[in-house]
Amino acid sequence: MPSPALPEKRWSIDLEKSIQEAHYADNALYTQRYAFNPDSGKEIFVIDTPPPYPSGTWHIGAVAQYSMIDVIARSQRLLGKEVYFPWGVDRNGINIEFVVERNTKRKMKTYDRAEFLELCRTTIEEFTEAMRHTGKRVGLSCDYDREYLTDAPDYRSVTQSIFVELFKKGDVIEDLRPNIYDPVEGTTIADAEVERLPRKTKLVDVRWTCEDGTELVISTTRPEMICACGVVVVHPEDERYTHLVGQKVALPLETNGREKTVNIMTHPSVKSDFGTGILMVCSFGDQNDVAVFRELGLTPFQAIDLDGKMTDVAGPFAGMKVIEARNAAIEALEIQGDLVQAVERNQDIPVSERGKNPVEIILLKEWYVRQTHIQEKMKEHVDEIEFHPPRNRQFLLDWMDNISIDWPISRRRWYHTEIPIWYSEDNSKVIVPPSGTYVQPWRESPPSGSRVLDRVTREDLGSYDDLEADLGLVTGEEKVFDTWMDSSNSNLFVSGYLNHPEVFEKAFPTAFRPQGKEIVRTWLYYTLLKSTLVLDQPGFKHVWIDGLGMDPWGRKMSKSLGNGIDADSVLECGAGGRTGSWKVKGPDKTVSLRANKIGSECFRLWKACDAQVGDDFHINPEEIEKKYFGVLTKLFNVARFASQFDVPTNLDEEPKHLEPEDRWILAEFQRTMNSVEAAWSDLDIYTATQGLKTFGTGLLPSHYLEMVKSRLYDEDIAAAWTLHRIVRDFMAAFSPVCPFFTHHISQTVYGHSSVDIDSFPVQAFSEVAAGTEEGLRLCKLSTELQDFNSQVWGAKKESGTSLNQPIQGIVVPESLVEFEGTLTRMHKLE
RNA sequence: GGGCUCGUGGUCUAGGGGUUAUGACGUCGCCUUCACAUGGCGAAGAUCGUCGGUUCAAUUCCGACCGAGCCCA
C-alpha cells in the first residue's frame, strides 16, 4: 500500500499552530490572498466590522462572533467577491482614561491635557497588540496592513468633517439642556456611564401650604431642591387630591429670584402609594423630573452649579455643597415646624461609574445631533436593508419608536475626538476647518482654509484667512465627542468616504454590517442615522445581528459572577500537549471544566454549526471538544485515506466510464454543494456548515468509501478520480469555516490551497447534475442504500460475523440492482 | 417597573396546523483493531415551558402567565 501524501496521523493543535504561523508569516502571500484590491473588477463586498475596544481581555463571545465574520469574509471571497475585511480598533473613550488614572493613581484633570493624551495612547497601544494576536490566533483574514484606529488623525478627521457638514446643514445644534453631570470630576457623562449604588438616605416629610390654607405633606429625599421646584403633581386618578389640582402651593423654604408658589397638576408617572402620593418636581432631581419638565413645558431652574454647589436661587443655602445644603434645609424646616418626620431609608442612588460620585442633572450648553425629524425617512431606509435573522430588525424599530429627544454628542473629556470648532471673540461667529483635516481646537488655531460661519444662521461669511482680523480673539472648543459619534462613521470610513471617493462610489451602501444585538440601539442606530442625515441612503445592504456568548448555564459572563472563560485559553487548549481546565462559578457551585484539545479550527466549527445567527449561545469548552473535534478527525481521516491514492492528472475532466456508485455519490455531492453555495450566498453559515458536515462525516465515508475500497486498492481510475474530486472541492467549500485545516490538506494533496480559490467549485457532472432526472433518481436511492448497508452490518453483528467476513442469505433488493456487484463485493455476500 | 427576544429528550439543536417530531453530544448494551475507538451496530430517553382561546385538527397561530436573556428606567 502506498503511503499517504498527508503524513500526519491526525489533526492536532500543534499542527494547526504551525500552519497558522506560516500563513501569517509570509506577508507577500498574505496580502495577495486577503488584502482589499478595489480595482480587481470583482463585485466589492465591504464588511463594516465592529472595531473592538482594547481593554486587556477580549470577551470569548466577541471572539466567536468575530470568527463568524471571518467565515462570511472567506465565503464571499470563495464566491468571487472582492472582500474588504478591515481590521479596525476602537480606541476613543472613557475606559482608557480610567485605566490611566488607576495605573498612575492620579485624576485626569490634574494632568496637562497633552501629557494625559500621550499616556492614554501608549497604554492603549499595549492592549491593542494583544488583540491583534488573538485576532490572528482565531484565524481572521483581515487586511491588517490597512489597520485603522479610531483615535488616529485620518479616522478622526472623517468624524470632524461629518460634524461640520451636519452643522452647516443645521442638523447639528447647540442648546442648553439637562445633562447628567459628575460634579466631583467636573464632566458630563453618558447614561451608559451611570450605575446605581445602595446608600442610606433620609426620607423627609415636609408640610406645604396651599393658597386656600390646605396643608399637604410631601415626602422627598432631596429637600435642598425645593428651590428648583417647578410643579407639584399627583396621579390623575388619585381621588384624595382631585380637589387640589389647579391650586397654587407655597414653597416651604426661602428662595431667591423666583416666584414663591407653584401649581398643582396631575401626571401619570406619580406613584400614589409612595409617601403621601404627592410629588414635587424639581429641575432636576432625577430623570423623571426631566421628563415632566419637558412634557409640561416648564422652565427649569439652575439650582446646582458646575462645582456641585447651590446657586443663588437656593437663597440662604447658596454656595453650599449639595449635602451641606440638604442638612441645612432639614434643619431650617425643623425650626419652622414644617418637618413632619424624617426616616432613614435604603435607596439606590445614581453615581458615576468612574468616581462613584452621586451625579446631578444640570442644565448645560451642549452639542446635539437632531434626530427626531428624520425618523420616517430612516424607517424607509431600514426597510431596504436585509436583516439576518429577519426578526432582529425589530430591536431597531422598537428603539426608533422610542426616540423622543435629540442626541447629545458633546463630552467634557479628553481622550476622544475634539469638536472641530472655534468661536469669535464676540461669540457671534464660528470657524470650522476644511473637510479632511484633523484639528485640536483646544491647542491649535484654525488651519488655513477654514470657513467662518454665522453661529446662528450658519451662513458662510467667507474664509478664515480673509476674515481673521475681524474676529478678535478666537477661542477653540474644549469639548469632545461622544465615542458613538466616531463609531457611527465606521461604515463610511471603511467604504472610502472622503478618503477614496472612487471606491466609495462602488462600495456604498456598505455590503455587510455584523454586530451583537446589545448595541443595536447605539452602534447600528447611530450609523443608520448618519447615513440618512449625510447621504439620505440606507447604510447597509445586509445587517447581521448575532446573539451573545453566555456561560454554560446561559448567564451573561461577567467578572463579578466569576463565570468568564478566557478566549486565548480555549484557542491554545491542546497546544504543546497542554490540556485546558476552567474553574467556572455555576448557579450552585464552582464547576471544573476540562478539555484536551480545541484550537481555532474546532472553535470556529463549533460556532458555525451549533447555533443559528441571532440566538444567544452557551460557551462550554468541554462540549466544543466533544461535539466537534471528532468531526475534524473524521474529515482529516477521509482526506488522509484518499491521499494514499494517486491524484489523477486532470481532476477537472470527467473520466469516460464511471461506475454506478461513483455516479450516485457525485449526484449526492452535487446536491450538497448546490445547497452549500446557496447558503454561502445567503450569508447562512449554519446551513452551509451543517450540509458539509453531514455529507463529509456520513454518506461519503460510511457508505461511498466502503463501497469503493476494493476498487481503490485495485487502482481503479474512476474511483480515485471521484474520491479526489470530491475531497478537493469539499475542502474548498469548507475552507471558510476551517481555513487552516482545509489549506493544509488541499495544499499537501492537490498542490493548491483551498484559501486561494475565488470561485465556488462548479459541479457539472454529466447526467447526474442536481435537478436532472438521473441526478434526482440517484439521490432517491440514498436512503435505501444506507438502510441496506445498515441492515447488512446489523445482520453481521447479530450473527457474530466480523465485517470483513462473508455472510450468507442476504439479497440486494431490486431497486439497488445497479449496485449489486459493488455491494456483493463490499459486504462479501454469498 | 417598561419594551423586545427566546423557551423542543439529560445537554445543544432542526422543523413546522394533520398519520410513529430532525440531528448531534452524553448515557446504556454489543461489535471491532484491514483510513478512522476521534470507529461501527443497536437501545433507552420529549405530554415540543404552563394555562386558556381559534380550528375538524396545535408542539406549530392568538392571549395570559411562568422562566431565561438583552436594552432601558
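Chain naming here is simple, since letters A, B, ... match the order of the sequence lines and numbering starts at 1 in each. Only heavy atoms go into these numbers, but all of them, side chains included; no hydrogens, no water, no symmetry mates.
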Peer 1: Write down the partner of B:G1 under the Watson-Crick or G-U wobble criteria, each distance required to be under 3.5 Å.
Peer 2: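 Across all strands, the one nucleotide that pairs with B:G1 is B:C72.
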Peer 1: Compute the ring centroids of A:Tyr713 and A:Phe645, then answer whether they are less than 6.0 Å apart.
Peer 2: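 Yes; A:Phe645 has its ring centre under 6.0 Å from that of A:Tyr713.
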Peer 1: Could you state the CD-P distance from A:Glu622 to B:U27, rounded to the nearest angstrom?
Peer 2: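 So the CD-P distance, A:Glu622 to B:U27, works out to 11 Å.
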Peer 1: Separation of A:Asp616 atom CG from B:C71 atom C1', in whole Å?
Peer 2: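 Atom CG in A:Asp616 sits about 12 Å away from atom C1' in B:C71.
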Peer 1: When every nucleotide of nucleotides 1-7 of chain B is labelled 5' to 3' by its protein contacts under 4.0 Å (heavy atoms), B for base, S for sugar-phosphate only, - for none, what sequence of letters results?
Peer 2: ---SSS-
Peer 1: Quickly work out the A:Trp793 CH2 to B:G42 P distance and round it to whole Å.
Peer 2: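 Rounded to the whole Å, the gap is 10 Å.
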Peer 1: Please give the distance between the C1' atoms of B:U54 and B:U60 as a whole number of Å.
Peer 2: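 The answer is 14 Å between these two C1' atoms.
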Peer 1: Please check this pair: side chain of A:Glu16 against backbone of A:Glu601, looking for a donor-acceptor N/O pair closer than 3.5 Å.
Peer 2: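 Judged by distance alone, yes, a pair lies under 3.5 Å.
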Peer 1: Provide, to the nearest angstrom, the distance between the CD1 atom belonging to A:Ile361 and the C1' atom belonging to B:A73.
Peer 2: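 The answer, rounded to whole Å, is 12 Å.
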Peer 1: Let me know, please, whether A:Lys634 or A:Phe617 comes out on the 5' side of the other along RNA chain B by nearest nucleotide.
Peer 2: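 Upstream on the strand: A:Phe617.
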Peer 1: Please name all residues satisfying side-chain contact (heavy atoms from CB on, under 4.5 Å) with A:Asp90, sequence neighbours left out, ordered by chain then number.
Peer 2: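 side-chain contact (heavy atoms from CB on, under 4.5 Å) list for A:Asp90, sorted by chain: A:Pro51, A:Tyr53, A:Asn92, A:Thr150, A:Ser487.
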Peer 1: Please give the distance between the C1' atoms of B:U33 and B:C28 as a whole number of Å.
Peer 2: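 Taking atom C1' in both B:U33 and B:C28, they lie 23 Å apart.
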Peer 1: Enumerate the residue pairs fulfilling side-chain hydrogen bond (donor to acceptor under 3.5 Å, both in side chains) with a member in residues 542-552 of chain A, sequence neighbours excluded, ordered by first and then second residue.
Peer 2: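 As it turns out, the side-chain hydrogen bond (donor to acceptor under 3.5 Å, both in side chains) pairs with a partner in residues 542-552 of chain A, which skip direct neighbours, are A:His388-A:His542, A:Asp546-A:Lys607, A:Asp551-A:Arg555, A:Asp551-A:Asn563.
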Peer 1: What residues, two or more places apart in sequence or in another chain, satisfy salt bridge (Lys or Arg N to Asp or Glu O under 4.0 Å) together with A:Arg728?
Peer 2: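 In terms of salt bridge (Lys or Arg N to Asp or Glu O under 4.0 Å), with neighbours along the sequence ignored, A:Arg728 is linked to A:Asp652.
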Peer 1: Nearest of B:C70, B:A35, B:U13 to any side-chain atom of A:Asn637?
Peer 2: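 So the side chain of A:Asn637 is nearest to B:A35.
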Peer 1: Using the six-membered ring wherever Trp is involved, compare the ring planes of A:Trp407 and A:Tyr526 and label them parallel, tilted or perpendicular (cut-offs 30° and 60°).
Peer 2: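 Rings of A:Trp407 and A:Tyr526: parallel, under 30°.
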Peer 1: Any strand is fair game: report the nucleotide pairing with B:G7 by Watson-Crick or G-U wobble, both distances under 3.5 Å, or none.
Peer 2: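 B:G7 is paired, partner B:C66.
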Peer 1: Can you tell me the pairing partner of B:U20 across any strand shown, Watson-Crick or G-U wobble, with both distances under 3.5 angstrom?
Peer 2: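 Answer to the pairing question: none, since B:U20 forms no Watson-Crick or G-U pair.
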Peer 1: Closest nucleotide of RNA chain B for A:Val638 versus for A:His618: which of these residues is on the 5' side?
Peer 2: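 The residue mapped nearer the 5' terminus is A:His618.
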Peer 1: For the side chain of A:Glu706, starting at C-beta, report the closest nucleotide among B:C36, B:C12, B:U13.
Peer 2: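 Taking heavy atoms from C-beta onward, the closest nucleotide is B:C36.
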Peer 1: Strictly distance-based, threshold 3.5 Å: is any side-chain N or O of A:Ser702 a donor or acceptor partner for the main-chain N or O of A:Leu699?
Peer 2: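 No: the side chain of A:Ser702 does not pair with the backbone of A:Leu699.
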Peer 1: Mind calculating the distance between CZ (A:Phe629) and P (B:G26) to the nearest angstrom?
Peer 2: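 Rounded to the whole Å, the gap is 15 Å.
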Peer 1: Spell out, as yes or no, whether a donor-acceptor pair under 3.5 Å connects the side chain of A:Asp714 to the backbone of A:Asp716.
Peer 2: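 No; judged by distance alone, with no hydrogens or angles, the pair does not exist.
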Peer 1: Figure out the CE/C1' separation between A:Met557 and B:C70, and round it to whole Å.
Peer 2: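 Answer to the nearest Å: 16 Å.
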Peer 1: Nearest-Å distance, CD1 (A:Ile624) to P (B:U11)?
Peer 2: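 Computing the A:Ile624:CD1 to B:U11:P distance gives 18 Å.
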Peer 1: Can you sort out the partners of A:Trp582 under ring pair (Phe, Tyr, Trp, His ring centres under 6.0 Å), two or more places apart, ordered by chain and number?
Peer 2: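 Not a single residue meets the ring pair (Phe, Tyr, Trp, His ring centres under 6.0 Å) criterion with A:Trp582.
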Peer 1: Using Watson-Crick or G-U wobble geometry with both distances below 3.5 Å, tell me the partner of B:C61, or none.
Peer 2: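 Paired with B:C61, as far as the under-3.5 Å criterion goes, is B:G53.
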Peer 1: For each nucleotide in nucleotides 20-25 of chain B, reading 5' to 3', give B when a protein heavy atom comes within less than 4.0 Å of its base, S when such contact involves only the sugar-phosphate, and - otherwise.
Peer 2: -----S
Peer 1: Provide, to the nearest angstrom, the distance between the CD1 atom belonging to A:Ile619 and the P atom belonging to B:C12.
Peer 2: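 It is 14 Å, rounded to the nearest whole Å.
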Peer 1: For the aromatic rings, using the six-membered ring if either is Trp, is the centroid distance between A:Trp606 and A:His618 under 6.0 Å?
Peer 2: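 No.
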Peer 1: In whole Å, measure the gap between the P atoms of B:C51 and B:G17 for me.
Peer 2: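 Each nucleotide's P atom is 23 Å from the other's.
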